[in-house]
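Hydrogens, waters and symmetry mates play no part in the numbers below; they use all other heavy atoms, side chains included. Indexing begins at 1, ligand by ligand and atom by atom, following the structure's order.
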Amino acid sequence: VARAVDVPELVEQARAGRPRAVARLISLVEDAHPALREVMAALAPHTGGAHVIGLTGSPGVGKSTSTSALVKALRGRELRVGVLAVDPSSPFSGGALLGDRVRMQDHALDPGVYIRSMATRGHLGGLSWSTPQALRVLDAAGCDVVIVETVGVGQSEVEIAGMADTTVVLLAPGMGDGIQAAKAGILEIGDVFVVNKADRDGADATVRDIRHMISLGEARAPGDWRPPVVKTVASREEGLDDLLTALDKHRAWLGETGHLRERRLRRAADEVEAIAMTVLRERMGDLRHGAALDSLAASVVDGRTDPYAAADQLVDAVTATAADAR
Ligand SMILES: Nc1nc2c(ncn2[C@@H]2O[C@H](COP(=O)(O)OP(=O)(O)OP(=O)(O)O)[C@@H](O)[C@H]2O)c(=O)[nH]1
Ligand SMILES: [Mg+2]
């Protein structure tokens, strides 16, 4: 049984920066709670202020260490920061990210930092559904910057890149990371590249590799964004100024060229689509368990109708259900 939620009160507290209220709102997202509709309606006028930064890279490359160092640098500028650690492979909150939590303890007592890990596997609608909603919560709660850290390489990273204003791809010297990045299609999604662990041999060679591979990409028109490659030693908090400068420049470029609005329009379209698909799937499910699909299936088997016409009828039935609901 869902606990009653005082949405206006909760939203007001979250907007005032109360961590418990923010936590509760993100839990509502994770639970796909019925009160979410009201929550999102209340948050909508207060969103759009945060610079959303996606941070991705192979396991162990230093994402969490970099996030922590970045948080510290941003706090040095007195900005409010949200961190969302997304683990698409884990069905449980917290577990896989426990190590990161320990690392993040530096910031545990800082009211200007909000850190949350979120597991999305098995979640209704998955990553594409829950992450943007959690981002909205942090955005509306007044975060100037929200960092989304993804665990693991693959499709999820490309998905996260679609949700960020600026995507940072982390690499490390050696390990053929540059080549792996090219293979994984990660070069296309990076707005800023970071060669972390620059205290190790081969950092300059990796920087050259990445620059070379970026230059092999699509021919760029004047005025297009050229992804910078920055060297950092996150564990010693070195190179963070260069990284912040690159992030600022990208944010400014986005604003000046209209790309920010373009990206956010695409993001909102994806979000609306993901929610609509979830709703449609639910309603399809209702029909499946009702008699509608059975009788359509019988029509197909008996040759009275074809599967396409039957599918059209099913879709029409779903739409009719929606009209009834209104
Ligand atoms: N030498 C060196 N080690 C680093 C640097 N940055 C991070 N590390 C170390 O690399 C290891 C992995 O760092 P994490 O920040 O956990 O890497 P991650 O990308 O978050 O790892 P996953 O979350 O498991 O994918 C840790 O032992 C860090 O201390 C660096 O700049 N130089
Ligand atoms: Mg990590």
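I26 is connected to V7 through a chain of hydrophobic side-chain contacts under 4.5 Å among Ile, Leu, Val, Met, Phe, Trp and Tyr, so both are in one cluster. Taken together through direct or relayed side-chain contacts under 4.5 Å among Ile, Leu, Val, Met, Phe, Trp and Tyr, V279 and L28 form part of one hydrophobic cluster. Cluster membership for V233 and V168, using ILVMFWY side-chain heavy atoms within less than 4.5 angstrom, is not shared. V318 is not connected to V272 by any chain of hydrophobic side-chain contacts under 4.5 Å among Ile, Leu, Val, Met, Phe, Trp and Tyr, and they are in different clusters.
For ligand 1 and S64, the ligand atoms under 4.0 Å from any heavy atom of the residue are 15 (O), 18 (P), 20 (O). Those atoms of ligand 1 that come under 4.0 Å of a heavy atom in P59, given as number and element, are 25 (O). The contact set between ligand 1 and E149, taken as ligand atoms under 4.0 Å from a residue heavy atom, comprises 20 (O).
For G62, a nitrogen or oxygen atom sits less than 3.5 Å from a nitrogen or oxygen atom of ligand 1, counting backbone and side chain alike. Backbone and side-chain nitrogen or oxygen atoms of T232 are examined, and none is located within less than 3.5 angstrom of a nitrogen or oxygen of ligand 1. Checked against a 3.5 angstrom limit, the closest N/O atoms of A198 and ligand 1 fall outside it.
Residues L254 and D165 come closest through the heavy atom pair CD1-O, 3.3 Å. For the residue pair M40 and V137, the shortest heavy atom distance occurs at CE-CG2, 4.2 Å.
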Verdict with supporting geometry, R116 and E30, salt bridge (charged side-chain N to carboxylate O under 4.0 Å, His left out): CA-CA 12 Å; R116 172 70 173 241; E30 278 191 317; 3.0 Å; yes
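The residue among A172, G57, S66, A234 with a heavy atom at the shortest distance from atom 31 (O) of ligand 1 is A234. Between the choices G239, S235, A69, the shortest heavy-atom distance to atom 30 (C) of ligand 1 belongs to S235.
The Mg ion (ligand 2) has an N, O or S atom of S64 closer than 2.8 Å.
Looking at E149, its N, O or S atom nearest to the Mg ion (ligand 2) turns out to be OE2.
Only the side chain of D199 comes within contact range of ligand 1, with a heavy atom under 4.0 Å; no backbone atom does. At a heavy-atom distance under 4.0 Å, no atom of R236 approaches ligand 1.
Under the 30°/60° scheme for interplanar angles, the aromatic rings of W253 and H259 are found to lie parallel.
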